[in-house]
Asker: 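Sending over a structure as structure tokens; questions will come in a sec.
The chains referred to below are lettered A, B, ... by the order of the sequence lines, with proteins before strands, and numbering in each begins at 1.
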Number of protein chains: 4
Amino acid sequence: MEGDLVELVGLNHKHFIILLKPGGEQHTHRGVIRHDDLIGTAWGSQVQSHSGSPFFMLQPAFNDLLRSIPRRTQIMYPKEIGYILVALGIGPGQHVLEAGTGSGALTTALAYAVGDTGKVVSYEARPEMQEVARKNLERFGLANRVDFKIRNIEEGFDETGVDALFLDVANSYDYMHQVRGALKPGGFFGSILPTTNQVTKLLYALRQEDFAFTEVLEIMLRFWKPEPDRLRPTDRMIAHTGFLIFARPVIIDHTEETTSSLVEEGWEAENDI
Amino acid sequence: MEGDLVELVGLNHKHFIILLKPGGEQHTHRGVIRHDDLIGTAWGSQVQSHSGSPFFMLQPAFNDLLRSIPRRTQIMYPKEIGYILVALGIGPGQHVLEAGTGSGALTTALAYAVGDTGKVVSYEARPEMQEVARKNLERFGLANRVDFKIRNIEEGFDETGVDALFLDVANSYDYMHQVRGALKPGGFFGSILPTTNQVTKLLYALRQEDFAFTEVLEIMLRFWKPEPDRLRPTDRMIAHTGFLIFARPVIIDHTEETTSSLVEEGWEAENDI
Amino acid sequence: MEGDLVELVGLNHKHFIILLKPGGEQHTHRGVIRHDDLIGTAWGSQVQSHSGSPFFMLQPAFNDLLRSIPRRTQIMYPKEIGYILVALGIGPGQHVLEAGTGSGALTTALAYAVGDTGKVVSYEARPEMQEVARKNLERFGLANRVDFKIRNIEEGFDETGVDALFLDVANSYDYMHQVRGALKPGGFFGSILPTTNQVTKLLYALRQEDFAFTEVLEIMLRFWKPEPDRLRPTDRMIAHTGFLIFARPVIIDHTEETTSSLVEEGWEAENDI
Amino acid sequence: MEGDLVELVGLNHKHFIILLKPGGEQHTHRGVIRHDDLIGTAWGSQVQSHSGSPFFMLQPAFNDLLRSIPRRTQIMYPKEIGYILVALGIGPGQHVLEAGTGSGALTTALAYAVGDTGKVVSYEARPEMQEVARKNLERFGLANRVDFKIRNIEEGFDETGVDALFLDVANSYDYMHQVRGALKPGGFFGSILPTTNQVTKLLYALRQEDFAFTEVLEIMLRFWKPEPDRLRPTDRMIAHTGFLIFARPVIIDHTEETTSSLVEEGWEAENDI
């Protein structure tokens, strides 16, 4: 299993994700763990540090991979990432665009989901930021599925007719014309924005560029303490990550007044129940 | 595009998912739409029913495919399905087990995510229920990725060493021994249960069978009305689908008292923030 | 108990709030109930309609009184009303202002809380609306604690130096100067607004008029099904009533630049945890 | 204003609640504030510590009084306290029971709400705990409205026919017979419990003692950052305080089988929407 990514989980769920190499060592506050003791050990086994502290050796959870990415930018959690994958219909073989790359959390999820036959193109204006993301993707063995591009997307995307495009940039509303040019008609657009002021601006821009079926939503995840005889939610939780916005570009004949007005009023998704 | 799945979306987001066949007709409360008018039309275009009502012709959203599945059993929403995919690390090429098949919503998502190189095995005790699910999967072109099995899982699973297993059955806590036998050590187990009484029982069963890193959580999704100058949440929302429970089987030496007790107390995920 | 308000609750919590009068009759879809059968009956007793359907005779719950008020305007629920009472510090003997009266739900709660020694002044621009509210208050025996005034509050309030003032009008942000004039320094201001666009406007207006300790919040209440062995939340819930905004006018020396800028940046309540 | 309770609020909403006495001093990390400088100063004014740091002098917010109570026991927040007041119909002149006294947060709210003509009786098994609460109430000038009693409520309450009774004890389900004896028929019972296991036990006990109209609920409050041009929720929030349970004792003729079974099935509040 040399070269495998391994997750070591100690007491209190303290965990490390490491790449196994002969002779390697992982230093923890509960003692040193030698890679050679791990190579050849069965997944799920309990191992011990040199000081006798117990750890489990596990195949890394995708969740924990995502959580292990150093966060320099806006935070996106598995609750958002999972929903984005479903809402954009990301699956094996697809071609997907995203900007910006950020620390690469969503890039990782997209690259994982499109598989060997798919492709992710990830734009980022800041070279040093994308370099961090690239290293994360390489560590996870997913970098070969990603085209990293350094570009301010104000200049537009190289691609056209793509299936799905996600924007994680603070002023995504400024690039709807460029997004429109890259997506195929009926393709899937998504964005995450932290403030309602930004959401308002994006909703105006989406109408301007003939996007329809717009959805705005937020996802709240509450963990519970897993104690069977004292079952209760945790005391605190994340109150807000960002608002998720989804929409699809459609082809509208603006010479017909009725149709045109429909876009403004009639093509919002109706999610009130 | 004959043989394609097409989504027609009319005013108020009323939508239909249809399989295009020459000569076919879709009857709606806003008039009839002829399949021949759709074949050859570009994705994202606006079409009209014979009575002049506007519809957009779109590639079906994965979300809408899931929503289009007739629900005879417990409801699972995209918010849960997306999170399950991430939490179980479902991706191209994986082998996944689930029980029961139910109406096939999760089966669809799993089959979509594992791709052509993956495999989903779906157990169900009620033949007529699985038949409904199979038809849904066939309609989506995903049935070839699924082994449907009619079986009460009390008798156990045929497979061993699988990566991930999800139980959507009311008494999932009765089958933890069988689940343990099917999953590889460190594999990913998940379940959804509507009541706290069931969660309590499952948490006891998980400890009994040496599962660790247990997480219990619930996901609340709130849609907002996508009106830029009157931005506000919808009036009503889904308050509860079910509690999601995740855990991983580990290998524990029960002759060591310390380790054994650790499982009961020390290996819960710590999600309080 | 002639003249008492009585709550009759039938199966499925169907309830009626009635004023007992000799000879009176309450017609329900489960039969007629004669007031004379109720007069003299103990609180909490079970009574029957002429067709044998069971009802309990109860002292009206304050909650149910509030819920019984016909809603013609924006809805405020007990979850908001209870919080408003605490946040504004409403108690026996206080003088409180509100605008608009609306259907009188908050007026009822305020009048109840200030007691015989307190006073509520309620402004409303639409006479017919206030008339409805006045009748509700009379029915509950609380009208004598309220001064109803017909006035567009753009013209200002008659009162000065009041303890607390609540605005339930769509453009509350237009009246902050008038509110400032009515409240005593350090008094309590509150408002409810449904959209984030309105909240943004109010926050600007509050800074303009030297209000500090501003809080913006929303309250979500989730009911659970009270079944001990199948304990779970209800399926649906109210997703949004409105955003509550609270602030207090302070006295600021604007000749001192430091202090002045502090109001803009430093006097927000810190509620992140 | 000697003898007044005063709230001093500094930058970042750091606040102190103090009792003004001639010659007194309040030491803060931003310098010393002399009480003599405050006596005679108008509410809402800005004052300075000896080192020049700005503070506002305010009438204490009821909210802040509650928050200022040292917490040694289970936490109840204004969101719960406000709802309890409305749900139990607490107002001027009422007689209310509670157990246990705890640190006195709810006692304070009840005493404030019932006014000079009302009465709160507060039971507590631990003398030292009640002493802390009594001191808090004395500080707020509310102690004269409260009868403090040291008693394990297993022995029952002295009072009968009371309007409302609230239990904030971990095993409230053990005392439903005693509660039944103290409340008038149709009176209001409430309790707060942190775990679902406790809620299940209480629901069984309530049925056993002929309580009806049972409601179980939880209240989630989310603060927003009050910045008009970057409006968004705070990053974190309280995820759980406790489940609130409300019910009312009714008089049931158990010789009638139909009626008796109704209590088990038909008299739950229906809050699904």
Asker: Step by step, would you call A:F189 with A:L183 a side chain to side chain contact (heavy atoms under 4.5 Å, CB included)?
Answerer: CA-CA 8 Å; A:F189 166 72; A:L183 269 182; 3.8 Å; yes
Asker: State, to 0.1 Å, how close D:A125 and D:P127 come at their nearest heavy-atom pair, and which atoms those are.
Answerer: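 Scanning both residues, the minimum pair turns out to be O-CD, 3.3 Å.
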Asker: Write out all chain A-chain D donor-acceptor pairs shorter than 3.5 Å, or none if the list is empty.
Answerer:
| from | atom 1 | to | atom 2 | distance (Å) |
| --- | --- | --- | --- | --- |
| A:T196 | N | D:L231 | O | 2.9 |
| A:T196 | OG1 | D:L231 | O | 3.4 |
| A:N197 | OD1 | D:L231 | N | 2.8 |
| A:N197 | ND2 | D:P228 | O | 2.9 |
| A:E218 | OE1 | D:R222 | NH1 | 2.9 |
| A:E218 | OE1 | D:R222 | NH2 | 3.0 |
| A:E218 | OE2 | D:R222 | NH2 | 3.0 |
| A:R222 | NH1 | D:E218 | OE1 | 2.9 |
| A:R222 | NH1 | D:A239 | O | 2.9 |
| A:R222 | NH2 | D:E218 | OE1 | 3.0 |
| A:R222 | NH2 | D:E218 | OE2 | 3.0 |
| A:P228 | O | D:N197 | ND2 | 2.9 |
| A:L231 | N | D:N197 | OD1 | 2.8 |
| A:L231 | O | D:T196 | N | 2.9 |
| A:L231 | O | D:T196 | OG1 | 3.4 |
| A:D235 | O | D:A239 | N | 2.7 |
| A:M237 | N | D:M237 | O | 3.0 |
| A:M237 | O | D:M237 | N | 3.0 |
| A:A239 | N | D:D235 | O | 2.7 |
| A:A239 | O | D:R222 | NH1 | 2.9 |

Asker: Show, in sequence, the C-alpha distance, side-chain angles and deciding distance for D:L5 and D:F140, and conclude whether the side chain to side chain contact (heavy atoms under 4.5 Å, CB included) test is met.
Answerer: CA-CA 7 Å; D:L5 269 188; D:F140 303 152; 3.7 Å; yes
Asker: List the atom of D:A212, the atom of D:V250, and the distance in Å for their closest heavy-atom pair.
Answerer: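 The answer is CB-CG2, 3.9 Å.
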Asker: Would you please name every residue forming a side-chain contact (heavy atoms from CB on, under 4.5 Å) with A:A164, sequence neighbours left out?
Answerer: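 Partners of A:A164 under the side-chain contact (heavy atoms from CB on, under 4.5 Å) test: A:L88, A:I90, A:V96, A:F188.
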Asker: Of all heavy-atom pairs between D:L193 and D:A170, which one has the smallest distance, and what is that distance?
Answerer: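 D:L193 and D:A170 have their closest heavy atoms at CD2-O, 3.5 Å.
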